[in-house]
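Just below is one structure, and these are the notes that go with it.
Numbered from 1 within each chain, the chains take letters A, B, ... in sequence-line order. Values below: all heavy atoms of this structure, side chains included; hydrogens, waters and symmetry mates excluded. The structure presented is a predicted model; accordingly, all values stated were derived computationally and were not measured.
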Amino acid sequence: DGGITQSPKYLFRKEGQNVTLSCEQNLNHDAMYWYRQDPGQGLRLIYYSQIVNDFQKGDIAEGYSVSREKKESFPLTVTSAQKNPTAFYLCASSISPGTEETQYFGPGTRLLVL
Amino acid sequence: GQNIDQPTEMTATEGAIVQINCTYQTSGFNGLFWYQQHAGEAPTFLSYNVLDGLEEKGRFSSFLSRSKGYSYLLLKELQMKDSASYLCAVVPGGGNKLTFGTGTQLKVEL
């Protein structure tokens, strides 16, 4: 079955701790994206990658970092510099980088601060 | 700048028809997506409109008017499982990022 997987489903972060959210896809898609979703707000783009070994900041990149060493994987690290990390994080991919391409989403990771 | 407006909440009756509106003001326009998102789950693709007019796909249809900066999603023969949030997302002109609206929470009642 082709698709996008995210893990874990729930993640707890302590103050001052970095945490990494996993995103894997076996759709052979070139482009991958990370969004953050907060209640009452639209999805906001954190980072995106159009091709392996390349990524760009989205609208709210501060306090986050990513890597794209493999086509299938696009992990997101929430650093201690992100002061309000509690949110629902969604990873997506599209067959090519064009914004007209449909983005397919993973099941999401809910991050909570202890 | 980009601005997308959708109603926050709507309520409709099972078996009825509901129209969810989306208006946008963006710097350029190359298309509009509609996604469905059940609580705590991933958004799933419903439709993509580039040209003016109505596109029908089963119980769901989507309409676009580029000159008016307006789209709507029409859901027919509503079912309880249609209770979800419906997200409108615009493809800006010359840009490389989607802009999402805040979503419309639809509640289908008996």
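One finds the CG atom of B:Leu87 at 8.0 Å from the CZ atom of A:Phe105 (value rounded to the nearest 0.5 Å). Note: B:Lys97 NZ to A:Lys57 NZ = 12.0 Å, rounded to the nearest 0.5 Å. Between the CZ atom in B:Phe33 and the OG1 atom in A:Thr102 there is a gap of 4.5 Å [rounded to 0.5 Å].
Interface residue A:Leu43: backbone and side-chain heavy atoms are both found under 4.5 Å from chain B. Residue B:Gln37 touches chain A through its side chain alone, counting heavy-atom pairs closer than 4.5 Å.
The aromatic rings of A:Tyr104 and B:Phe45 are tilted relative to each other, their planes meeting at an angle between 30° and 60°.
Under the 4.5 Å side-chain contact rule for hydrophobic residues, B:Met10 and B:Leu110 share a cluster. A chain of hydrophobic side-chain contacts below 4.5 Å, direct or via other Ile, Leu, Val, Met, Phe, Trp or Tyr residues, connects B:Leu64 to B:Val90. B:Leu98 and B:Ile4 are assigned to two separate hydrophobic clusters, defined by single-linkage of ILVMFWY side chains at heavy-atom distances under 4.5 Å. Note on B:Phe60 and B:Ile20: same hydrophobic cluster, where clusters join Ile, Leu, Val, Met, Phe, Trp and Tyr whose side-chain heavy atoms are under 4.5 Å apart, directly or indirectly.
Across A:Gln103 and B:Tyr35, no two heavy atoms sit closer than the pair O-OH, 2.8 Å.
Looking only at heavy-atom pairs under 4.5 Å with chain A, the residue among B:Gly31, B:Pro43, B:Cys88 that has the most is B:Pro43. Counting heavy-atom pairs under 4.5 Å between each of A:Arg110, A:Gln6, A:Glu101 and chain B puts A:Glu101 at the top. In terms of non-hydrogen atom pairs under 4.5 Å with chain B, the most contact-rich of A:Gly58, A:Gly108, A:Pro107 is A:Pro107.
Heavy atoms from other residues, nucleotides or ligands lying under 6.0 Å from CD1 of A:Ile95 number 12 at most. For CD of B:Glu77, the number of neighbouring non-hydrogen atoms (other residues, nucleotides, ligands) closer than 6.0 Å is 12 at most. Around the CG atom of B:Leu54, the shell of radius 6.0 Å holds more than 12 heavy atoms that belong to other residues, nucleotides or ligands.
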